[in-house]
Amino acid sequence: MCAHHDEEVARQMSRREFLTRASMAGVGVAALSSLFPLSSLADDNTKPLLPHFSPKVKRIVYLFQSGGPSQLELFDYKPKLKELFGQELPASIRGNQRLTGMTSNQKSFPLAIGKTQFQQHGKSRAWVSDLMPHTSKVVDELCFIKSMYTEAINHDPAITFFQTGSQQAGRPSMGSWLSYGLGSENRNLPAFVVLLSRARAGDQPLYAKLWGNGFLPSEHQGVIFRSGNDPVYYLKDPKGIDKVSRRRVLDHLAQLHQVQYKNVLDEEINSRISQYEMAYRMQSSVPATLDVSKEPESIYTMYGEESKKPGTFAANCLLARRLLEKDVRFVQLYHQGWDQHSGLPRDMPIMAKSVDQASAALIKDLKQRGLLDETLVIWGGEFGRTNYSQGKLTVDNFGRDHHPRCFTIFMAGAGIKKGFTYGETDDLGYNIVRNPVHVHDLQATVMHLMGIDHERLVFKSQGRRYRLTDVAGKVVKGILT
Amino acid sequence: MNRQQRFFLFFWLIISLGSCGDPDLPQDVEMALAKVPDQLDYNLHVKPILSDRCFACHGPDKNKQKGDLRLDLPVAYEKVSEETGRKALVPGKLAKSEVFHRIISTDPEVIMPTPESHLTLTAQEKAVLIKWIQDGAKYKPHWSLVAPKKTIVPVVKNKSWVRNPIDNFVLARLEADSLKPNAEASKETLIRRLSFDLTGLPPTIGEIDAFLADKSPEAYERVVNRLLSSPHYGERMANDWLDVARYADTHGYQDDGYRNSYPWRDWVIAAFNKNQPYNNFVTWQLAGDLLPNPNKEQIIATSFLRNHPQSQEGGIVDEEYRVEYVADRVNTFGKAFLAQSTECARCHDHKYDPISQKNYFQLYAFFNNNNETGEIPYGTEASPSLILSTPEIDKILKFLQEKKAPLEQQGKKWEDYQPGFKVWFAKAARQSTNFIMPKKGLVGYISFDEKLPVVKPPKPKKEAKSKKEGKPGADKKLAKEKPKKETKKNRPTHLTAELSSLVDGKFPVQVPGKFGQAVRVDGDMGIVFNEALDFDRHEPSTVSMWVKTLKTDESGPLFGKTGGDLNGWRGYYVELNKDQTLSIRMMHVYPANGIDLKTTQKLPAQQWQHLALAYDGSSKAQGIKLYLNGKEVPMQVINDNLQQSILFGKDKARMRLVRPFTLGREVRASITNVAFDEFYAYSRQLSLLEIKQLAGEKNLLPQLLKKPIAQLNPAQKNLLFEYYVRAVDKKYAAIQKKIIEVRGIENDTITNLEEVMVYKELPNPRPSFLLDRGVYDAPKERVFPNTPEKIMPFSKELPQNRLGLAQWLTSPKQPLFARVAVNRFWQQCFGKGIVKTADDFGNQGELPTHPELLDWLSVTFRESNWNVKKLMKTMVMSATYRQSSVPTTINKQKDPDNKLFSRAPSYRMSAEMIRDNALAASGLLVRKIGGKSVHPYQPEGVWEALAVRNDIKYEQGKGEDLYRRSMYSIWKRSSPLPAMITFDVPDRYACSMRRQKTSTPLQALVLMNDVQYVEASRVLAEKMICESGNTPEQRITYAFRTLTSRYPRKEELAILINLYQEENTDFKKHPERAKELLQEGAYGRDKKLPVTEVATCAIIANTLMNFDEFIIKR
């Protein structure tokens, strides 16, 4: 075969040939209709009839800010802190709050704030810090929840709680639940994709269990997409194997499988044939989806200079948009670096800069493509940060410990009120005074937007029916349109 | 009864049925009722419905029983509904039974299950419940909680098929359904099946040929015996146990550093190979340390109880995680040995099974006594651990011991110094000066009269590259990031001290002291010393100071050198406790590997107190002496087990958090309102006399010397004599020097040895409490070790500890233990258990397909003295096992899920088997058993993308390490090997009893593109050429046989020859493609062989590695 042979034609030809052969051998085309069909270990779990009601949202991009960004430097404006700078946080406000081992032995809890300035923006007059100039410009698209709270006080349990509904490992993550419940919207890409970036070295790690399938069938695991020429593990053919050879091998393999099927009469073989075809399709569809080389310069300008640098948050935001365009159901982006126990005034601008422009650009870009109407964007971390300093406090240098009692996240897109702020904290930004939103409430709301009743999407494992929201969670009606 | 009477009775029955008898049923239920079996079995038909739909609100959970009704027990007969006056269940009386009315109601206010529960009953299920009530609503005990009895082996028609009693049970069931068992599988299939099930490896072509050639009736058994005695048998059996035991090479949780767990894994392999009786196998793991005079293996086995994840995350609440670890042991115990979802009872009574929350915490009490912490150190093994020596090291240690013992002996013989003392005394008395402050061994003295300098703040770095959580900024320059050996060589001779603080502009201040000025700390600050105080455990030392606590209720760190919880409290430190007693600790890793002492008297507050800590370098509790105002303080020994260095020497710790000696503070905690004065440090153990001098009796020595010897009382004489020996005698000093030297070498040697985490019982059990909602800080009533009485009461004869628990577990009356074990071994051979939910034998679990067989196997297993090899042999020798897996039309139709074992199962092999098959077939496999885990191929950057500290970088192994069996591949919980996870290896965070067996496109990508398989393909290609022949047929046949264990069929051969020829032509046209392909992987290529031929064969080999028969057990 000639090396310049039109590979695409060859591929199409053999595919058609394959399908003919396959159907002769009893492989229904239906077998090809979902990318990751149910496993052979299905337990007693029959697939629920979903969605439960008409969904507002088709797909989600979750810009997870790992480490716990300080709400007090970004969105929760507390002028009182400036006034009381350096004074002790009154014990009456701290109450019986459980502290981490990092500050529980501290003898003093001085209220801290740096030089960060806040302004009101947009028609909604939302307060946003000067560290987020681009986000400030899209506030009228955003719904801030300033009254998020969680139960965990340390990273691992807190992120695990956010992503799986339980502080301990072993439960499926949000993306896995949605993949299980709703399946894939496309034939060539997984339903649940994970992207990773970090703005600083050090800081806090991540763990594969965060996108794990738990007890759900393993095809609902999040698939990591990486920058570079091997975006999905093992996607790339080995050296010396070109498309012609790969196609030829797959065609012969399909023939072998048909012979095998005739002899052993096992339906699994047909499923295997289709898995190989899907793998083959992924080999071209994934790089094509991730190929940003044809994006116009205006897009790079919009997402910022960093978006040209693979692996950055900005580049991942651009990839996320491309994945959403291809109907990937759940894009989970993790951005590491938000754990400012010390050196907060120095690190916050670095961190904010790494996310600000691209976060805003993603929202604008989705909007200009008409995708924001059916996409939900979530932006936030696993907890907030204390209003008092961890370690030494000066205006130029201090740190903040983890704070589970209140923090801010924002959402944008389908089904969510625009230019809206929900919930409120006290003057010192320590406690919630209005409309608290628990992590399970947020999860219930996200499920609701996808057309799922969080109490009804359950999976029985070891005799118990599990759900993302464990035994709690109320849909936050106040933020819905 | 005459005819008329009978007629009346009949008539009355009709009337009563019509009026108050069985009411009309909805049509769908009526229709379903016709299909309900005549003989309903409570366990088989009824309880699965009751349990799943009713027990959540009407089951064993006391706190959740709605309307005070429980339906899991016959008490339901007595329960009267307040609304209707009907009893919940009236046996035989449908209309009188409230349950009936509730389940057929359509009124949302009345219907059960309630609409809010999102649960419903199908018509079929309603019909079953209705018939059950009609038949008398009889309850039966849950099948798995009745001890198994050896059932009579059933008689079957087709006797010739039967090879052992397993077949009687299976065939009897098949015959009842008019089914026939399948034909026997081919010999090639059988030897492949056996080899994988018993060793996890494929048979070699030689082994296949030998089996094919062996026509004798014993041929099959010979293969079985060979495999059972193979050392790879232990590996295969251990591999499954690693899932159950949640084995991993890292700690899990956030920082997820390495742990040294392989010694336990290797013990498991050896235990299976030795065919250790299963009851002992389990007993050792649960309680090996409690056996009489436990040996090394028995203690290593307890590492089973430490395999759970442990957290290194700075700032966690220690007790929260310690509770989590204990809970994990309970959960694992429940699942692995009892197949009960025990964990459900942590927060509330179990909703389905008879395990109350109290039962849960009674089990918890067995596992709550490990001498451990919740936050484990970075870089070193968590406490407690067992130090593992080697024969060579043992020799060295013995040699050192032999050198040390006589020296120590000599050092103790103080009468030898009497003559010298007399000479010295005579001379010293004459020269007595008026003031002699101890100078010998003085490391340094700080008076605090001068103002101390402030610790310089660290230079700002561009990026917070080395930022450590919890590391206060001001101390950064003193915190050594890079491994640096702490030795005397880099120890400056002068003692210096600096002020450090966490609070801006607030430093320790000068206050009036005992003598001149003192320095006062006030929380979040401390006085930091230089490396001059970095003593190790073999080095005698003394520190002395005046201390004044200005308030009566202060507590916190007084002084010491430790990195705190982040490094396992390595170092030595003195802490003022809340009750004003003092704790003195000298630690390698807290709490088990160290010395832990506590004073019985309190430190008086609000006045200057002299404190001196003197240490003799012996690593023993009695070698540490604390003096208060010149008097030795009595101390309670909490632990006396310091075995390794208290510094980070050249030992194996990978991450160090070295902190300097500090007054008033450690890493996280500090003390308020304490003043320090006159700090002295010595590199030797001071005598009491010297300490008294430091404590204020400045002139004690000259005063005593002035007196004639006859006027000295014995105590005074002793003071002088002790002073003489410790401070003056040259011979004593010389011996001490030698002892320190030998102990130093010994310390280095032992500290560098490997360790493995084990379970070590606290001398006094930690009190256990029922924890409200299972939360660590919500203790309620105190509980004591006990077992769930509904499973089996805990005999009073048994010790109330883990050993007693193991005896309870393995006792003959135990209903679950043997069944659970047998079922799991059955699952290993047949793909699924006789009880499919191998991890749940409770009310919500599946029922056994062959209960009598399960019981027969269980009792036989126990009676065989828990002989695992014998059990495995019985299973694989059965005709049931030897069946072909190809379904016949009839059995596929009548037994679609193969619940009756009407054929052999076929399913995807494990990740390990698939990879090992490729390695074995290509000849790359290294068959070494055990050892440290290895780092095989994985895509670049997998770890690096997630981890930020602690073993961040994945350093791919070299040579042999790339070709070890997959069970030896490093298992990092937070970032497991992608190729293995893709094939459903569980993440090993928790006990797992069965694996998923999925089929996904990602698996296809691994087998086609993972360098491991590509390399194996090209290496196998060379074998295809060298070991078979020159024709494509020969080469293909060779590859086919070595990869799938069988000859190719004609059609298959034709397809592959076609592929061979097409690829060969292509490679000849594009030899550069062939060259590239053959460069994949680290293994050297045989350059004598023609490139295009090898490449062509590699394509064939890789195609076959993607072929059904390679991946699927048939």
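Bear in mind the structure is a predicted one, so any value in this text is a computation, not a measurement. Just so it is clear: chains get the letters A, B, ... in the order the sequence lines come, proteins before strands, and each one is counted from 1. Every heavy atom of this structure was used, including side-chain atoms; hydrogens, water molecules and symmetry mates were not.
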> In chain order, what residues pass the ring-ring contact (aromatic ring centres under 6.0 Å, His included) check against B/Phe1107, with sequence neighbours excluded?
Replying inline: A/His257, B/Phe1040

>> Just to verify, what does B/Tyr321 make a ring-ring contact (aromatic ring centres under 6.0 Å, His included) with, not counting sequence neighbours?
In response: B/Tyr253

Short N-O contact, [X] and [Y], less than 4.0 angstrom:
| X | Y | answer |
| --- | --- | --- |
| B/Asp52 | A/Lys460 | yes |
| B/Asp987 | A/Lys209 | no |
| A/Lys262 | B/Glu1051 | yes |
| A/Arg98 | B/Asp777 | no |

>> So for atom CD, which belongs to A/Glu151, do other residues, nucleotides or ligands contribute more than 12 heavy atoms lying within a distance under 6.0 Å?
In response: yes

Under 4.5 Å from a heavy atom of chain B, the part of [X] involved:
| X | value |
| --- | --- |
| A/Ile241 | both |
| A/Asn397 | neither |
| A/Asp230 | neither |
| A/Leu99 | backbone |
| A/Leu235 | both |

Report yes or no: do [X] and [Y] form a side-chain donor-acceptor pair below 3.5 Å?
| X | Y | result |
| --- | --- | --- |
| B/Glu1109 | A/Gln260 | yes |
| A/Tyr276 | B/Asn1106 | yes |
| A/Ser245 | B/Glu1063 | yes |

